[in-house]
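Taking it in order: structure first as structure tokens, then the write-up.
Residue numbers start from 1 in every chain, and the chains themselves are labelled A, B, ... in the order their sequence lines are given, proteins ahead of strands.
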Amino acid sequence: MDNVKRQWIKIIADGLAKAAEGKGIELGNIEERIIVERPPRADMGDLAFPMFPFAKDFRGAPPMIAGLVAEALGEFKAGSVKTVGPYLNAFLDRGSVAADLLKDVETEAEKYGESELLNGQKIMVEFSCPNTNKPLHLGHLRNDAIGESISRILKAAGAEVKKVNLINNRGVHICKSMLAYQKFGEGKTPESSGIKGDHLVGEFYVKFNQWSKEDDTAEAQAQEMLRQWENGDEKVRKLWEIMNGWTIDGINETYKNTGISFDTYYYESETYLSGRDEVLRGLESGAFYKDEDGSIRLDLSDIKMDTKVMLRSDGTSVYMTQDLGTAIARHEDYPFDRLIYVVGAEQEYHFKVLFHALKKLGYTWADMLYHLSYGMVNLPEGKMKSREGTVVDADDILAKLTEMAKEEIIAKDRAEAVGDVDETGGKIALAALHYFLLQVSPYKDMIFNPKESLSFNGNTGPYLQYMSARICSMLEKYEARSAEFEGAVVDSSLLVSDAEWELMKLVSSYPAQVNQAAAELNPSVIAVYLYDTAKAFSRFYHDCPILGSGDKNLTCSRVALTKAVLQVLKNGFNLVNIPFLSKM
RNA sequence: GCGUCCAUAGCUCAGCUGGAUAGAGCAUCGGCCUUCUAAGCCGAGGGUCAGAGGUUCGAAUCCUCUUGGACGUACCA
């Protein structure tokens, strides 16, 4: 389609040149000045060329110019033009465009839509980054969905992508659940209690907060435990290892259930010390300074901010210390061209400071770091608050969605056709969840309404799956009846109705959508595109009989178009982590 | 206080680097299953794109201000 566009720009430029010549006007570099747009309605044409920019040259109204150009162009092969007010609209030759497109999609198959936009670029994407004191919640699911999707999109755009996770397994908050476990745990384990490890640990974190309300030494005890941990106290370390293991196992199970994976895990417990060394080096080099209160700080007055603590006065690390160490370790492990941190918008300040600190330390690659800041997931009543117990748990929401999907399968009497109801239910749940989370632009806050968001109808993930399942079912029937269509050929000149042409245009625009999503780091571009395409197919499917078209060449041709649509849906599903279903 | 971001239909969201009559879904109302899965299709109503200026041939989109909201401004992460 890009070629087609370029070809048309040439044609229009030619027409403009001729029209200008007739009037003795000099237009300069015409091709660069031509704007290509999509007409608002399909019946107005396929490409639109506004003539406004040339009004001054011609010293006349745009509609007049459009008329002159149309006249100058006369008849030609690639299609036709029509003037619509100030616009010159082009109608492409549907048959020949369709033929090329269907061939491309078929030969490229699962690679259709991939590009070379980011060829040769090494990109590291950090996302998820859970704490090991509680299970994942809905906010993490948004983070995971964005991180995983962005990684896949960048890869599709040609980049070499490394997905990394940073486990926040160190700090007072971790000690809190450990302390509560020591006091109230009674030796419980995930096995003995039958509770998933991360949830079990989370229970003790909640318990700590209750206890600390009654006992005001609780916080101090947690601090003391952190000191013991830093000093390598054997008993504390042992408990820490056990409980971290429980949480990480539990969280990994959630990742597995959501189709999320990582190439490398980093652990804060392993990077915070190198961060500390780095800060001390920075103190020597003069990048940082020692404040009168004993802490080591970074002066931010050059970027109009205050100062920031890099290392506490007692020598222990803060979040920043650790992130400094991690970033440096990462660049050594994988000399990236870009490192994308998928982290909530509330940490924008943190990353501004982190990047600045790295630059001050002399790391030139600090310019390659990028904070992909995303908005919060809120409830209709407002923020999720753990203290008020309104946090939506990741496993709970998945289980609930899966249950609803299974009920739906049974209610529609599809259990037998589907085969494994549990598995299909789980995949439908994932589609609902991921589509819901990714259809929204990342940087915006979003509202999750438990009652209304868990829908499988309308503009949802399951709708997309449903379309692909119907396609598969139809294609299966086509194969089964292959004898009837013996000798039929694809004749793209038969695929020129408006419904078919609309689908062609959508299929052809998929590669551009992938590039846009990659350039903007925005999965919602793909999500919205998939819905538009599924919707257009649904309309076509309803209006145009395929197997019963009455003409075997027409059937064969529509099957070819349908296969192309299916391919694009499949490829797109993969980018936004929506499981493909051939039956539902 | 200062900084960053957000504001589009009753609700949840799209709207490409400014372009032709601002779009979906949900909800409401009305049609369509003897025909490829009704998790579907078609139609109706519903908008001062928060408000006011500005730039431009043209602004939901860019700039300024105002209002409302979120987040940040920790020796928490």
(request) Specify the separation, in whole Å, of atom CG of A:Asp532 and atom P of B:G23. (result) 13 Å
(message) With a 4.0 Å cutoff (strictly under), does any side-chain N or O of A:Ser538 reach OP1 or OP2 of B:C41?
(response) yes
(request) Give a yes/no on whether any side-chain N or O of A:Ser373 is located under 4.0 angstrom from OP1 or OP2 of B:C5. (result) no
(message) So if I take every side-chain heavy atom of A:Tyr463 and compare against B:G15, B:C41, B:A20, which nucleotide ends up nearest?
(response) B:C41
(message) Counting only Watson-Crick pairs (N1-N3 plus N6-O4 or O6-N4) and G-U wobbles (N1-O2, O6-N3), all under 3.5 Å, who is the partner of B:U61?
(response) none
(request) May I ask you to evaluate whether A:Lys535 reaches the phosphate of B:C41, defined as a side-chain N or O under 4.0 Å from OP1 or OP2? (result) yes
(request) For B:A24, give its Watson-Crick or G-U wobble partner with both distances under 3.5 Å, or none. (result) B:U12
(message) Distance criterion of 3.5 Å, no angle test: do you see the side chain of A:Asn449 paired donor-to-acceptor with the base of B:C11?
(response) no
(request) Can you tell me, in whole Å, how much space there is between the C1' of B:G47 and that of B:A22? (result) 9 Å
(request) Identify whether NZ of Lys or CZ of Arg in A:Arg142 sits under 6.0 Å from the centre of the six-membered ring of A:Tyr374 and within 45° of that ring's axis. (result) no
(message) Any base atoms under 4.0 Å from A:Lys412, or only sugar-phosphate, or nothing? Heavy atoms, all strands.
(response) base
(request) Go ahead and name the base partner of B:A39; Watson-Crick or wobble counts if both distances stay under 3.5 Å, otherwise write none. (result) none
(request) Using the C1' atom as the reference point in each nucleotide, state the distance between B:C49 and B:A44 in Å, no decimals. (result) 23 Å
(message) Looking at B:C5 and A:Tyr443: do their rings stack (centroid distance under 5.5 Å, interplanar angle under 30°)?
(response) no
(request) Return no unless some side-chain N or O of A:Arg41 is found under 4.0 Å from OP1 or OP2 of B:A20. (result) no
(request) State whether A:Arg470 places a side-chain N or O below 4.0 Å from either non-bridging phosphate oxygen (OP1 or OP2) of B:A38. (result) yes
(request) Establish, yes or no, whether a centroid distance under 6.0 Å links the rings of A:Phe127 and A:Tyr341. (result) no
(request) Select base, sugar-phosphate, or nothing to describe what A:Ile447 touches, counting heavy atoms under 4.0 Å on all strands. (result) sugar-phosphate
(request) Please find out if less than 6.0 Å separates the ring center of A:His350 from that of A:Tyr319. (result) yes
(message) With a 3.5 Å cut-off and heavy atoms only, can you find an N or O donor on one side and an acceptor on the other between the side chain of A:Ser313 and the base of B:C75?
(response) yes
(request) Taking atom P in both B:U55 and B:C63, compute the distance separating them and give it to the nearest angstrom. (result) 15 Å
(message) Measure NZ/A:Lys82 against P/B:A20 and give the value in whole Å, please.
(response) 17 Å
(request) For nucleotides B:A9 and B:C16, find the distance between their C1' atoms and express it as a whole number of Å. (result) 23 Å
(request) Quick one: look up who B:U4 pairs with, Watson-Crick or G-U, both distances under 3.5 Å, and put none if it's unpaired. (result) B:A70
